[in-house]
Q: 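The structure is given below, and queries will be raised subsequently.
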Amino acid sequence: MGSVTCNPLAPPSTRLLLNPLKIPKFCHSRRQLHGSQRASKIIAYYGLKTPPYKLDALEPYMSKRTLEVHWGELHRGYVEGLNKHLAKDDVLYGYTLDELVKVSYNSGNPLPVFNNAVQVWNHDFFWESMQPGGGDIPKYGVLEQIEKDFGSFTNFKEKFIEAALTLFGSGYVWLVLKREERRLAVVKTSNAINPLVWNDIPIISLDMWEHAYYLDYKNDKGTYTNVFMNHLVSWNAAMSRMARAEAFVNLGEPKIPIA
Amino acid sequence: MALRSLAIRKAIGLGKSVGLGLRGLQTVTLPDLPYDYSALEPAISGEIMQLHHQKHHQAYVTNYNKAVEQLFQALNKVDTSTVVQLQGAIKFNGGGHVNHSIFWKNLAPVHEGGGEPPHSSLGWAIDTHFGSLEALIQKMSAEGAALQGSGWVWLGLDTEFKRLVVETTANQDPLVTKAPTLVPLLGIDVWEHAYYLQYKNVKPDYLKNIWNVMNWKYASDVYQKECP
């Protein structure tokens, strides 16, 4: 890929300005790569993030066995695939996962790394969209926003479940905050597509690939979806994601009390 | 007249369609398997075969019939937007019915010839186009493993150029959606429901073992009919 100009004395911000597309490389020499003349580099990898609960914590709604296979083997496989891609390609190295998803989506012409990157992102997000003792209804701001954008929580829940049951093939169902329209919406995506690629902000997701529910529910998507809404979905996670999203999306005038 | 159409309507609703619906509307029925559910073990477990046939394929049949009936009514009312809106459900469920009907026929228990390599014209054509049967098997297995999401991998015959092709289709799209001149000889279902209970996420093992129960006789028959 040609030689790399490395100026370790320049402050990081100017380095980025100088070569906006290239990622600054460390200049420490450690080992030669297959006898090539390139400066060798320190390589960092993505790790498999553990869900914020034990693998059996979602029983009886999602079995330990499902988590063991879905997280321990499938999700782990995506992480390993992602790292293999990153080891090969200098240009991709250094992005955060969010950025990598958006860049590798390449406006609908995805680069080979996209599938692994987005599935790692999707599964990290999915595990965190659930919690033991989940379900019930959201509170405070999240509930207010849902009632504003869907009429009622019941209506939102119906729309969400309907989206899950009318999805053809593999995919995900999302509660997203749409940036331009500045409102919440239910969105279903095919295969591994993620609303990040449309610059929207995901709040909750439900994995509707068969591997997510087949061991526990066989072909009964209806029960799986209802169980998710009633017992698994983490409105706490939704709350913190909404709070963060509000830093990017203006959801309306604040209610400043008149003295 | 009203009583008769009511009775027909009931028959459709039960799913045990006689094949003649409202005003001559033809419906489809779930075909029987030509072997027991457990006959394809250990390549495909009896549990999977039963669920696959009785639940998944049945659902495609039921939903296809429902969609077609709605289509019929929309056509009569000249409700064009509903006609268009129904196309998704018809393609998906109809495709599912078409694909699975072929799938059951292109599998066979070992004692009925499952896994026995093709001879005569199909065997010769495979050697010509792919080099060897092993090369074809490897190609199809690789395409199946690489397929992301849900779909099928096919050995098809291009009836225009009389050539064998390996193709994949997404979701329940039948092979004809790739090109109208394609005729399916063999199809492998790589939706997760086809293997997950037994193989979990080790799709390559499923794609290796399914060849032990592949019914090449069916493929040969179809091939010889198109290329006499």
Side-chain angles (χ1 to χ4, degrees), chain A residues 63-82 104-105 110-120 122-123 162-163 165-172 188-194 207-224, chain B residues 45-64 66-67 85-96 99-100 145-152 168-174 177 189-206:
Chain A
S63 66
K64 179 175 182 211
R65 185 80 188 108
T66 295
L67 277 248
E68 277 172 353
V69 181
H70 195 178
W71 172 77
E73 289 172 41
L74 208 64
H75 186 179
R76 189 185 302 271
Y78 286 127
V79 172
E80 285 167 7
L82 173 61
S104 60
Y105 180 67
L111 307 175
V113 71
F114 174 72
N115 196 54
N116 281 303
V118 77
Q119 283 290 52
V120 172
N122 287 340
H123 285 91
E162 190 201 334
L165 298 179
T166 55
L167 184 63
F168 291 148
S170 307
Y172 288 81
K188 55 185 181 192
T189 59
S190 270
N191 292 353
I193 304 291
N194 181 318
D207 188 347
M208 289 304 294
W209 284 57
E210 285 175 325
H211 64 238
Y213 60 86
Y214 214 79
L215 292 180
D216 296 332
Y217 298 98
K218 309 288 188 304
N219 68 311
D220 192 352
K221 280 168 35 168
T223 306
Y224 168 62
Chain B
S45 71
E47 189 188 15
I48 288 185
M49 290 303 291
Q50 185 169 6
L51 277 167
H52 205 172
H53 182 248
Q54 281 182 355
K55 296 275 154 93
H56 290 276
H57 192 173
Q58 178 66 69
Y60 294 129
V61 166
T62 311
N63 292 332
Y64 175 72
K66 240 194 304 196
Q85 195 216 350
L86 286 167
Q87 297 307 309
I90 289 177
K91 181 180 184 193
F92 181 68
N93 292 297
N99 294 339
H100 286 87
L147 196 150
Q148 288 299 324
S150 310
W152 291 74
T168 55
T169 55
N171 295 341
Q172 290 297 353
D173 297 353
T177 55
D189 189 351
V190 284
W191 279 64
E192 285 168 331
H193 64 237
Y195 63 88
Y196 204 74
L197 287 178
Q198 187 180 352
Y199 294 94
K200 309 294 185 297
N201 60 306
V202 193
K203 196 165 44 163
D205 280 358
Y206 162 68

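Each chain gets a letter, A, B and so on, in the order its sequence line appears, and its residues count up from 1. Just so you know, these numbers use all the heavy atoms, side chains as well, and skip hydrogens, waters and symmetry mates.
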Q: Looking at B:Lys55, B:His193, B:Lys200, which makes the most heavy-atom pairs under 4.5 Å with chain A?
A: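 Sorted descending by pairs with chain A, the first entry is B:His193.
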Q: B:Gln172 versus chain A, heavy atoms under 4.5 Å apart: side chain, backbone, both or neither?
A: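 For B:Gln172, no heavy atom lies under 4.5 Å from chain A.
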Q: Is it true that B:Tyr64 and B:Phe92 have ring centroids separated by less than 6.0 Å?
A: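 No, the ring centres sit 6.0 Å or more apart.
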Q: For A:Asn219, is it the side chain, the backbone, both or neither that has a heavy atom under 4.5 Å from a heavy atom of chain B?
A: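 Both backbone and side chain of A:Asn219 come within 4.5 Å of chain B.
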Q: Can you find a pair of side-chain heavy atoms, one from B:Asp189 and one from B:His100, that are under 4.5 Å apart?
A: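 A side-chain contact under 4.5 Å exists here.
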Q: Does the side chain of A:Leu82 reach to within under 4.5 Å of the side chain of A:Val113, using non-hydrogen atoms?
A: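 Yes. Closest side-chain heavy atoms under 4.5 Å.
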Q: Would you say A:Asn115 and A:Tyr78 make side-chain contact, with heavy atoms under 4.5 Å?
A: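 The answer is yes, as the side chains (C-beta and beyond) meet within the 4.5 Å cut-off.
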